[in-house]
Amino acid sequence: MNWIEAASVALRRPRTIGYRARLILHYPRFRRIRNESLAMLTGASIAEADRMCREVESDREFTGEVRRRYREHLRYFPLPTDFMVAADGNTMFFSCVALYALTRIMRPEKIVETGGTPGKSSAFILRAIERNRAGHLWTVDLAPPPADGRELNPAEGHSFTPHGLTSGWAIPDALLERHTVVLGDAREKLPPLLESLGSIDVFIHDSDHSYQHMRWEFEAAFPYVRPGGVIWSDDILGHSAWPDFCRAHGLEQCDFTSQGAARKR
């Protein structure tokens, strides 16, 4: 899709124009909230949190490769608003940038995440690990069914796997050295992985977003997160699993938009 075609599509969908305009209008406020949350979570200054976010946003070699993969396999056209966020937390890269900044600031050695398909969050974390020259990411992912050749839009990239690809297909090849993928259901694969690692620095939930499963993942990972380590959750707005967990363990929430984060005391 070229710019002329993109403009033509936008003109046929006036609500899309309004949606993008709202993203631009509210972006400075959401960016400020993200920086404040990252600073509270990590102990860094707000200026340092902002600097780390801008570092990856201006990394055109990396973001260009991730976007190229999206364009190759999905009906995706890159826009500046992809780095912004809606009030409901809907975004392409806004929360990925935050995970990059978290990794750059805290320099964790062991990161475990659940979910991962298509791997854009994983890619941002791995880019930060590469910049840190330290750390490793383990991803537990139950890859979705193949699309059977059907062209997918970006929202369907989490529900189907493009033909011939597998989990993490959006991750640039140069970043795979510090990445281990564990394919399968988190209820089966996560406990033995955590036991084998002994302790971890960061745990990230991004798989099944039901209350029962989110609460189970938080409780399963919590004993393995080292003191001072971070628990992070995507999609916390659908129910109370995240605040219930934080309340049960006396954790201070450092949340923004649809992302939940807390540091283990």
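Counting only heavy atoms from C-beta outward, the side chains of Glu217 and Met214 never approach each other to under 4.5 Å. The shortest distance between side-chain heavy atoms of Gln259 and Ile236 does not fall below 4.5 Å. Using a 4.5 Å cut-off on side-chain heavy atoms (C-beta onward), Leu74 and Pro118 make no contact. Side-chain contact check for Ile46 versus Glu36: some heavy-atom pair is nearer than 4.5 Å. Annotation: side chain of Ile24 is in contact with side chain of Met84 (closest heavy-atom distance under 4.5 Å). A heavy-atom distance below 4.5 Å is not found between the side chains of Trp138 and Leu190.
Defined by atom type and a distance below 3.5 Å, a donor-acceptor pair is present between the side-chain atoms of Tyr211 and Asp244. A donor-acceptor pair shorter than 3.5 Å cannot be found between the side chains of Ser121 and Glu113.
Taking CD1 of Ile105 as the reference point, atom OH of Tyr100 lies at 10.5 Å (rounded to 0.5 Å). Between Tyr27 atom OH and Arg34 atom CZ the span is 5.0 Å, to the nearest 0.5 Å. Rounded to the nearest 0.5 angstrom, Asp50 CG and Met52 CE are separated by 10.0 Å. To the nearest 0.5 angstrom, His179 atom NE2 is 4.0 Å from Leu137 atom CG.
Aromatic ring orientation, Phe218 versus Phe245: tilted (interplanar angle from 30° to 60°).
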Show every donor-acceptor pair shorter than 3.5 Å between a side-chain atom in residues 161-177 and any protein atom, with sequence neighbours excluded, or say none if there are none.
| from | atom 1 | to | atom 2 | distance (Å) |
| --- | --- | --- | --- | --- |
| Thr161 | OG1 | Pro144 | O | 2.9 |
| Ser167 | OG | Asp141 | OD2 | 2.5 |
| Asp173 | OD1 | Arg69 | NH2 | 3.3 |

Apply the test ring pair (Phe, Tyr, Trp, His ring centres under 6.0 Å) to residues Phe93 and Phe124: give CA-CA distance (whole Å), side-chain angles for both, the deciding distance (0.1 Å), then the verdict. CA-CA 9 Å; Phe93 297 123; Phe124 277 73; 5.6 Å; yes
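Ion pair Arg31/Glu57 flagged as a salt bridge, since at least one NZ, NE, NH1 or NH2 atom sits closer than 4.0 Å to an Asp/Glu carboxylate oxygen.
By the neighbour-count criterion of 12 heavy atoms within 6.0 Å, atom NZ of Lys189 is sparsely surrounded, having that number or fewer from other residues, nucleotides or ligands.
Evaluation of the side chain to side chain contact (heavy atoms under 4.5 Å, CB included) rule for Met40 yields Glu252, Cys254 as partners, not counting sequence neighbours. Considering only residues two or more places apart in sequence or on other chains, Glu188 meets the side-chain hydrogen bond (donor to acceptor under 3.5 Å, both in side chains) condition with none of them.
Although no hydrogens or angles enter the test, the distance criterion places no donor-acceptor pair under 3.5 Å between the side chain of Ser240 and the main chain of Pro243.
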